[in-house]
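Numbers here simply count residues along the sequence, with the first being 1.
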Amino acid sequence: MLYVVIIFLWTAILLYLLLGGADFGAGIIELFTSKANKIQTRKTLYEAIGPIWEANHMWLIIAIVILFVGFPTIYSTMSVYLHIPLTIMLLGIIARGTAFTFRHYDAVQDEMQDIYNPIFAYSSFITPFFLGIIAGSAVSGHIDTTAKNFMDAYIFSWLHWFSVSVGLFTVSICGFLAAVFLIGETDSAIDRKRFELKAKAFNIAAVVCGILVFISAMIEGIPLIDWVFGNIVGIIAISAATLSLILLWYLLYKGNSYFIRILAGFQVTMILLTTTYRHYPNIVILKNGGYLSLIEHSGHPKTIQALALALLIGSVFILPALFYLIYSFQKNKVDYAVD
């Protein structure tokens, strides 16, 4: 049952990165859109993410619940030593959701839109940035549970070049996913071309930020190269992601919006697989060689069993409803376009 829980945890993280990441990326795209094109971009964003944007946070909630119930030591350690970036990330989610709701559903469209719009755009950048910082900090070896002062315990545990570069990489991935998904959400050839250019730009930014991640890892003594290239799974995953990247650029040139979504999701999946496989089951790597393991630091067997059953039963009800929501929304858009 423990492995069932671990699979659900990894899957929830992946789906939040894919779906929630594309959601955040929509605001990132707006942030980096010229003033002349912002109105049309917002219209496309509303149509693309409006009905399902809140549902994407379900995956984050599932991941948090799994850690809280099934791995309390890991949950408490991260909550204590990474409470600052966690708080900023959660505030970003709240600010983004509030701004999106008010600017879209406000009965009076007045000057308050000038406040809602930047809050939505900047919080869409800040949230995945600190999500990446948290992820980078968890495996960086900077968390010091024996720290004797505030700075070492609660600041330097996450504020370092590696975590910042992972944060920037996460932002680039989110922008790339959103641009790829939005290509197929518009009927305008001009908008389509614009989103294709955004996808290429964020893809290049992701590559550059990825290089920064490796450079900062080398500077700080983090064995990232060994994690990625020191095993056959990592080599195969990186090779597959690279080949799919070449194919994705070719399909962008050909204007194929369906398969580029699949390829973009595949690339992100391969990246997550590569970076988590090597040091599994150690989900948190502490300073001075310590670690927190999903195997060694799991909860009571009875708790794990109950959690696994709850996840299996819950997925039977939740997943079909979620897929039907997405299907219904897409079908309604198609029917509306035909009418």
L19 reachable from L319 in the ILVMFWY side-chain graph, under 4.5 Å edges: yes

Check: K38 main-chain N/O paired with E30 side-chain donor or acceptor under 3.5 Å: no

Side chains of Y75 and I66 in contact at under 4.5 Å (non-hydrogen atoms): no

Heavy atoms from other residues, nucleotides or ligands near CZ of F317 exceed 12 (cutoff 6.0 Å): no

Separation between CD1 of I119 and CD1 of I115, rounded to the nearest 0.5 Å: 6.5 Å

Contact summary for G92 and S123, nearest pair of heavy atoms: O-CB, 3.6 Å

Polar side-chain atom of T275 near backbone of I271 as donor-acceptor pair, under 3.5 Å: yes

V5 vs F71, side-chain contact (heavy atoms from CB on, under 4.5 Å): CA-CA, chis, key distance, verdict: CA-CA 10 Å; V5 174; F71 309 94; 3.8 Å; yes

L90 side, atom CG; T127 side, atom OG1 - distance, nearest 0.5 Å: 9.0 Å

Co-membership, hydrophobic cluster, residues I126 and I155, 4.5 Å side-chain: yes

Side-chain touch I134/L86, heavy atoms, less than 4.5 angstrom: yes

Backbone N/O of W158 and side chain of S163: donor-acceptor pair under 3.5 Å: yes

H83 and Y154 aromatic ring geometry - parallel, tilted or perpendicular at 30°/60° bounds: perpendicular

Contact list for residues 205-215, test side-chain hydrogen bond (donor to acceptor under 3.5 Å, both in side chains), sequence neighbours left out: none

Among I262, L243, L263, side chain to side chain contact (heavy atoms under 4.5 Å, CB included) partner for L248: L263

Sidechain-backbone polar pair: S315 side chain, L312 backbone, donor-acceptor under 3.5 Å: yes

Pair I84-L82, side-chain contact (heavy atoms from CB on, under 4.5 Å): steps then yes or no: CA-CA 6 Å; I84 293 177; L82 300 179; over 6 Å; no

Residue among F102, F100, Y122 satisfying ring-ring contact (aromatic ring centres under 6.0 Å, His included) with Y116: F102

Shortest non-hydrogen contact between A153 and S157, atoms and distance: O-OG, 3.2 Å

Side-chain (K198) to main-chain (F176) donor-acceptor, under 3.5 angstrom: no

Gap separating the CZ atom of R261 from the CG atom of L18, nearest 0.5 angstrom: 13.0 Å

Pairs touching residues 3-21 that satisfy side-chain hydrogen bond (donor to acceptor under 3.5 Å, both in side chains), sequence neighbours left out: W10-T276, Y16-H57

Identified side chain to side chain contact (heavy atoms under 4.5 Å, CB included) partner of S293 from the options I74, T73, N282: N282

Note, I295 side chain near Y280 side chain (heavy atom, < 4.5 Å): yes

Common cluster, M218/V166, ILVMFWY with side-chain heavy-atom separation under 4.5 Å: yes

Side chain proximity check, Y291 to I283, heavy atoms < 4.5 angstrom: no

Side-chain heavy atoms of Y277 within contact of L272, under 4.5 Å: no

Trace of the side-chain contact (heavy atoms from CB on, under 4.5 Å) decision for I29 with F202: CA-CA 9 Å; I29 286 177; F202 278 110; 4.0 Å; yes

Trace of the side-chain contact (heavy atoms from CB on, under 4.5 Å) decision for F24 with V171: CA-CA 8 Å; F24 292 128; V171 169; over 6 Å; no

Any donor-acceptor pair under 3.5 Å from K287 side chain to T145 backbone: no

Student check: side-chain heavy atoms of I183 and L252 closer than 4.5 Å: yes

Side chain E220, main chain F162, donor-acceptor under 3.5 Å: yes

Within one Ile-Leu-Val-Met-Phe-Trp-Tyr cluster: L309 and I318, side-chain cutoff 4.5 Å: yes

Worked verdict on K200 versus E196 for salt bridge (Lys or Arg N to Asp or Glu O under 4.0 Å): CA-CA 6 Å; K200 293 177 181 178; E196 288 176 357; 5.6 Å; no

Gap between atom CD1 of I62 and atom CG of L15 - 0.5 Å precision: 8.5 Å

Exercise: identify the closest heavy-atom pair between I133 and P85: CG2-CB, 4.3 Å

Atom of V213, atom of F169 and distance for their closest heavy-atom approach: CG2-CB, 4.1 Å

Pairs satisfying side-chain hydrogen bond (donor to acceptor under 3.5 Å, both in side chains), at least one member in residues 223-232, at least two apart: D226-R278

Min side-chain heavy-atom separation I225-F214 under 4.5 Å: yes

Shared hydrophobic cluster for L91 and L131 (ILVMFWY, side-chain gaps under 4.5 Å): no

Inter-residue atom distance S140.OG - H160.NE2, 0.5 Å rounding: 3.5 Å

Whether over 12 other heavy atoms sit under 6.0 Å from I190 CD1: no

Flag side-chain contact, heavy atom, 4.5 Å: L294 against S298: no

Exam field: side chain T170 to backbone F129, donor-acceptor pair closer than 3.5 Å: no

Minimum heavy-atom distance between T274 and A237, given as atom pair plus value: OG1-CB, 3.2 Å

Spatial distance of atom CZ (F259) from atom OH (Y250) [nearest 0.5 Å]: 13.0 Å

Nearest heavy atoms of A178 and A26, plus distance in Å: CB-N, 3.4 Å

